[in-house]
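Below is one structure, written out as structure tokens; comments come after it.
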Amino acid sequence: MDLIKAMTFGAILSATIALVVGSQGSSAGPLAIHAVHFADAKMYWSWPIFLSASGLAFGISLLQR
């Protein structure tokens, strides 16, 4: 259950950071932010941010036990 909570937090954090940085026209180097197109909408996403944020949230949830 902790992993699912961590992945949810990781997705929210990744989408937020990628939206802010990607909308400025930057890929942020090693963050590898890219635009994903859904029908008429464009969303920014970054797998490195998602994995890092999920790992961080999972570690914090383990520390709270």
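What you find for S46 and S14 is that their closest heavy atoms are O-OG, 3.1 Å. Closest heavy-atom contact between I33 and A28: CD1-CB, 4.1 Å. A53 and G10 get closest at one heavy-atom pair: CB-CA, 3.7 Å.
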Let me check something: any side-chain donor-acceptor pairs from residues 16-25 under 3.5 Å, sequence neighbours excluded? List them with distances.
unit_1 : atom_1 : unit_2 : atom_2 : d
T16    : OG1    : I12    : O      : 2.8
S23    : OG     : L19    : O      : 2.8
S23    : OG     : V20    : O      : 3.2

Indicate every side-chain donor-acceptor pair of residues 58-65 with a distance under 3.5 Å to a residue at least two apart or in another chain.
unit_1 : atom_1 : unit_2 : atom_2 : d
S61    : OG     : A57    : O      : 3.4
S61    : OG     : F58    : O      : 2.7
R65    : NE     : D2     : OD2    : 3.2
R65    : NH2    : D2     : OD2    : 2.5

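If you take OG1 on T8 and CG on L3, they are separated by 9.5 Å, rounding to the nearest 0.5 Å.
Sorted by first then second residue, the salt bridge (charged side-chain N to carboxylate O under 4.0 Å, His left out) pairs that include residues 20-37, not counting sequence neighbours, number zero. The salt bridge (charged side-chain N to carboxylate O under 4.0 Å, His left out) contacts involving residues 49-60 comprise nothing, where partners must be two or more places apart or lie in separate chains. Sorted by first then second residue, the salt bridge (charged side-chain N to carboxylate O under 4.0 Å, His left out) pairs that include residues 22-51, not counting sequence neighbours, number zero. Every pair passing ring-ring contact (aromatic ring centres under 6.0 Å, His included) that includes a residue from residues 15-45 is listed here, sequence neighbours excluded: W45-W47, W45-F50.
Each of V36 and L13 belongs to its own hydrophobic cluster when Ile, Leu, Val, Met, Phe, Trp and Tyr are linked at side-chain heavy-atom distances under 4.5 angstrom. Residues M43 and L31 do not share a hydrophobic cluster, defined by chaining ILVMFWY side chains whose heavy atoms lie under 4.5 Å apart.
Other residues sharing a hydrophobic cluster with M1 under the 4.5 Å side-chain heavy-atom criterion for ILVMFWY residues do not exist; the residue is a singleton. Through direct or indirect side-chain contacts shorter than 4.5 Å among Ile, Leu, Val, Met, Phe, Trp and Tyr, I4 is connected to no other residue.
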